[in-house]
Amino acid sequence: MGISEILDGKLTEKEVEIKGWVVTRRSSGGVQFLIVRDGSGMIQATVHKEDVAPQKFEDVDRLTQESSIIVKGIVKEDKRAPGGYEVRVKDLKIVHLAMPEYPLSKKSHGIDFLASLRHLWIRSPRQIAILKVRAEIIKACRDFLDENGFTSTDSPILTPSAVEGVATLFETPYFGDKAFLTQSGQLYVEATIAAFGKVYCFGPTFRAEKSKTPRHLTEFWMVEPEMAFYTFEDNLKLQEEMVTFTVKRVLEKRRRELEFLKRDLVPLRKVEPPFYRISYTEAVDKLQKAGYNIEWGEDLGAPHEKFISLQFEKPVFVHRYPAKAKAFYMQPDPENSQVVLCADLMAPEGYGEIIGGSERICDLKLLEKRIEEFGLPREAYEWYLDLRKYGAVPHSGFGLGIERTVMWICKLKHIRETIPFPRTITRIYP
RNA sequence: GCCGCCGUAGCUCAGUUCGGUAGAGCGGCUGGCUGUUAACCAGUCGGUCGUAGGUUCAAGUCCUACCGGCGGCGCCA
């Protein structure tokens, strides 16, 4: 029994017990109005002087913001109450009287202050709504993959070597040796496909990049599916299906949260396969015609991604980037060896990349050559090369950034709200 | 790493142009109000003006350095 069920109208005129926290208290002499939160929702509880013992009424008068309480009463439908329902209180027990001067008031706060009080900020309705959507997105991704023949095989977080470059790795001591926090589970899921066919890993990844932007965290979560025998084309189709499934699931299960966030649902309802596709070369052409200063061969920057993303009302794949701008393990396009069979999925409405994916090199000789060309230490990749020695198959995969997906689906301005405790270049507390 | 902006009460800010006794709203506290909606009304508590130097009769205000944060870029998911 929770507040969400009361708000669904299932418990009208019934007696209920709510265990929760006081969000605000207002009084009008003989009537006290409490807004109570229980994790499932918020509702107004009214305490009339004549309904409770005098001592109880005085207790209510002492209630501070964020005090924890247990309330018993009758559910009433009432237009005067926010949300249309309220609980007329018959009994109330104070579990803990919160200290006065709860730091977060109902008025606005600056971002620095809120970030330093993240452990309390997550209680606020907006943050609750966002994190509920986050949880739904994660569950949707897992459900989609689990229901489509994937086995979850999580990758290690402590790793001996870099996937792509050492400069952006967090280093940690490891029994007299060095270890690094993973930047991607991809190489390891490329190993487990030979055991399970279709796999995915889900976990935190770490980038020691000094990125100071509204779309970067130093610690973020990725879902990384990897599929044996999947071509580049199969990979894109899977991404379309997974993203569509996820958006539909959130629209279905977290409608209330999206509406609370004042998220326009129209663009989300348009998310259906097939997504748009544009090659990197076409994208550069478009950008140049729009006056952007970009040459073929350069990777797309934030303003470029935003521009492309705004051209389409559905997600768009930008595919076949120059080989030099991308990772060593990507399969060259058989029709043009200057580009690789990769695609980034750009979310619409100006949100950029949420997925990066590619077909992987499966030929041993070619992979050896690429490792050398990228100046990577071959000894660190011996195990990875083994995968091309014993039953190599064409295979593809992608990584979906959870926080960026949350940011897009909730239409947020900054990624710091998409994870309970964000880690950024300037903040590791709380 | 680069460019720009900002640090004044617990919070959000005004005061800086042109140096002259530290301000408001919210929150807290005290009291009032029998339907409040960021409730309202009256009273009250609350300050090393980011830090350190400097200029000056006098610095929140002018100068220098440092620290912290925010916004944008680069890199990336």
Side-chain angles (χ1 to χ4, degrees), chain A residues 23-35 42-51 57 61-62 64-66 76 78-84 86 88 98-117 120-121 124-125 163-165 167-168 182-186 204-224 293 298-306 321 325-327 344-347 351-357 398-408 413-416 418-419 424-427:
Chain A
V23 178
T24 60
R25 179 171 63 87
R26 293 183 281 265
S27 73
S28 184
V31 191
Q32 305 248 15
F33 302 91
L34 305 174
I35 303 294
M42 290 197 298
I43 195 166
Q44 177 164 280
T46 57
V47 188
H48 291 246
K49 204 165 195 168
E50 68 267 22
D51 286 358
F57 195 77
D61 208 35
R62 285 162 48 224
T64 44
Q65 195 181 345
E66 290 301 318
K76 299 281 181 189
D78 195 320
K79 285 188 187 123
R80 294 171 298 186
E86 66 181 21
R88 180 132 175 177
M99 295 175 75
E101 294 200 58
Y102 180 67
L104 300 179
S105 73
K106 282 163 276 181
K107 295 246 177 171
S108 62
H109 293 292
I111 189 60
D112 181 36
F113 179 73
L114 288 171
S116 66
L117 291 172
L120 302 177
W121 185 26
S124 67
V163 173
E164 318 161 36
T168 59
T182 181
Q183 288 193 315
S184 163
Q186 181 201 311
T205 53
F206 307 86
R207 306 267 167 107
E209 293 157 2
K210 293 194 172 173
S211 303
K212 208 173 126 22
T213 85
R215 33 192 280 114
H216 284 85
L217 295 166
T218 56
E219 178 181 304
F220 65 97
W221 290 66
M222 275 208 290
V223 182
E224 294 178 272
N293 184 20
E298 293 173 34
D299 208 352
L300 301 183
H304 307 136
E305 281 188 14
K306 187 170 183 179
Y321 282 70
K326 288 289 172 178
D344 288 347
L345 183 65
M346 310 282 167
Y351 289 88
E353 183 179 2
I354 57 169
I355 287 179
F398 64 94
L400 176 143
I402 292 294
E403 288 77 15
R404 286 195 178 170
T405 305
V406 175
M407 198 177 160
W408 162 50
K413 290 202 176 83
H414 202 292
I415 201 165
R416 67 187 147 224
T418 63
I419 184 167
T424 65
I425 180 173
T426 56
R427 208 173 283 279

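Each chain gets a letter, A, B and so on, in the order its sequence line appears, and its residues count up from 1.
- Atom CZ of A:Arg26 is separated from atom P of B:G35 by 14 Å (rounded to the nearest Å).
- For the pair A:Arg416 and B:G71, the criterion of a side-chain N or O lying under 4.0 Å from OP1 or OP2 is met.
- One atom, CD of A:Glu66, and another, C1' of B:G10, lie 16 Å apart when rounded to the nearest Å.
- In the set B:G72, B:C76, B:G35, the nucleotide with an atom closest to the side chain of A:Glu86 is B:G35.
- Among the atoms of the strands shown, only primed sugar atoms or phosphate atoms (P, OP1, OP2) are found under 4.0 Å from some heavy atom of A:Gly110.
- To the nearest whole angstrom, the two C1' atoms, one in B:A65 and one in B:G25, are 36 Å apart.
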**OP:** Dump the intermediate steps for side chain to side chain contact (heavy atoms under 4.5 Å, CB included) on A:Asp344 and A:Lys326, then the final yes or no.
**Re:** CA-CA 11 Å; A:Asp344 288 347; A:Lys326 288 289 172 178; 3.1 Å; yes
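- Under a 3.5 Å cut-off, the side chain of A:Gln183 and the backbone N or O of A:Thr168 do form a donor-acceptor pair.
- Contact annotation: side chain of A:Ser27 to base of B:C33, donor-acceptor pair present below 3.5 Å.
- Using a 4.0 Å heavy-atom criterion, one finds that A:His414 contacts the sugar-phosphate atoms exclusively.
- For A:Glu305, the side-chain atoms get nearest to B:C76 when compared with the rest of B:C75, B:C76, B:G35.
- Considering only the side chain of A:His109, B:C11 comes nearest among B:G72, B:A77, B:C11.
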Protein and nucleotides 26-29 of chain B: nitrogen or oxygen contacts under 3.5 angstrom:
{"from": "B:G27", "atom 1": "N2", "to": "A:Glu101", "atom 2": "OE1", "distance (Å)": "3.4"}

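- In summary, A:Glu50 and A:Arg88 engage in a salt bridge, as defined by a charged side-chain N under 4.0 Å from a carboxylate O.
- Between the side chain of A:Glu403 and the main chain of A:Trp221, a donor-acceptor pair closer than 3.5 Å is present.
- With A:Gln186 contributing its side chain and A:Gly399 its backbone, the two residues share no donor-acceptor pair below 3.5 Å.
- Listed for the A:Thr64 side chain is a donor-acceptor partner under 3.5 Å among the backbone atoms of A:Ala98.
- The side chain of A:Arg404 lies closest to B:C76, out of B:G35, B:C76, B:G1.
- Atom P of B:U61 sits at a distance of 12 Å from the matching atom of B:U16, rounded to the whole Å.
- Among B:A77, B:G72, B:U34, the nucleotide with an atom closest to any side-chain atom of A:Lys212 is B:G72.
- As rounded to whole Å, 11 Å separates atom P of B:G72 from atom NZ of A:Lys413.
- A:His216 places its NE2 atom 16 Å from the P atom of B:C70, with the value rounded to the nearest Å.
- As rounded to whole Å, 15 Å separates atom C1' of B:C11 from atom CH2 of A:Trp121.
- Rounded to whole Å, the distance from CG on A:Leu300 to P on B:A77 is 12 Å.
- Under the rule for a salt bridge (charged side-chain N to carboxylate O under 4.0 Å, His left out), the partners of A:Arg25 that lie at least two apart in sequence or sit in another chain are A:Asp61.
- Of the possible polar contacts, one joining the A:Arg404 side chain to the A:Arg215 backbone as a donor-acceptor pair under 3.5 Å is found.
- In this model, a side-chain donor or acceptor of A:Gln44 finds a partner on the base of B:U36 within 3.5 Å.
- As judged by a 4.0 angstrom heavy-atom cut-off over every strand, A:Thr205 is placed among residues making no nucleic acid contact.
- At the heavy-atom level, A:Glu298 lies nowhere under 4.0 Å from the strands shown.
- Within the shown strands, nothing qualifies as a pairing partner of B:A77 under the Watson-Crick or G-U definition with both distances less than 3.5 Å.
- Rounded to whole Å, the C1' atom of B:G47 lies 14 Å from the corresponding atom of B:G15.
- Put simply, A:Phe33 does not rest on the base of B:G35: the two rings are not both less than 5.5 Å apart at their centres and under 30° in tilt.
- Within 4.0 Å (heavy atoms only), A:Ile35 reaches no atom of the nucleic acid at all.
- Counting only heavy atoms from C-beta on, A:Arg80 has its side chain closest to B:U36 among B:U36, B:C70, B:A77.
- At B:G1, one or more side-chain N or O atoms of A:Lys210 fall inside 4.0 Å of OP1 or OP2 (strictly under the cut-off).
- Taking the nucleotide of RNA chain B with the nearest heavy atom to each of A:Glu403 and A:Thr426, the more 5' of the two is matched to A:Thr426.
- RNA chain B is contacted by both A:His304 and A:Thr46; A:Thr46 maps to the nucleotide lying nearer its 5′ end (nearest heavy atom per residue).
- As the counterpart of B:G71, B:C3 is assigned, both hydrogen-bonding distances of the Watson-Crick or G-U wobble pattern falling under 3.5 Å.
- Among the atoms of the strands shown, none is found under 4.0 Å from any heavy atom of A:Thr405.
- Between the CE atom of A:Met222 and the P atom of B:C76 there is a distance of 14 Å, rounded to whole Å.
- Listed nucleotides: B:C73, B:C70, B:G35. Nearest to the side chain of A:Pro303: B:C73.
- Remark: B:C40 base-pairs with B:G32. Criterion, Watson-Crick or G-U wobble with two distances under 3.5 Å.
- The main-chain N or O of A:Leu104 is found under 3.5 Å from a side-chain atom of A:Gln65 such that the two form a donor-acceptor pair.
- Residue A:Gly29 is classed as a base contact, given a heavy-atom separation below 4.0 Å to a base.
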**OP:** Take A:Tyr321 and A:Leu300 through the test side chain to side chain contact (heavy atoms under 4.5 Å, CB included) and record every step on the way to the result.
**Re:** CA-CA 9 Å; A:Tyr321 282 70; A:Leu300 301 183; 3.6 Å; yes
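- In this structure, A:Ser211 contributes its side chain and A:Thr213 its backbone to no donor-acceptor pair below 3.5 Å.
- Nearest nucleotide to the A:Phe113 side chain, out of B:A77, B:C11, B:G35: B:C11.
- Both distances falling under 3.5 Å, in either a Watson-Crick or a G-U wobble arrangement, place B:A52 opposite B:U64.
- Within the 4.0 angstrom heavy-atom criterion, no nucleotide atom of any strand lies near A:Asp344.
- Nucleotide B:C18: unpaired (no Watson-Crick or G-U wobble partner with both distances less than 3.5 Å).
- A:Phe220 comes within 4.0 angstrom of a nucleotide base, judged by non-hydrogen atoms across all strands.
- Residue contacts shown for A:Ala81 include a base, since a base heavy atom lies under 4.0 Å away.
- A gap of 13 Å separates the C1' atoms of B:G46 and B:C26, to the nearest Å.
- Atom CD1 of A:Ile402 is separated from atom C1' of B:A77 by 10 Å (rounded to the nearest Å).
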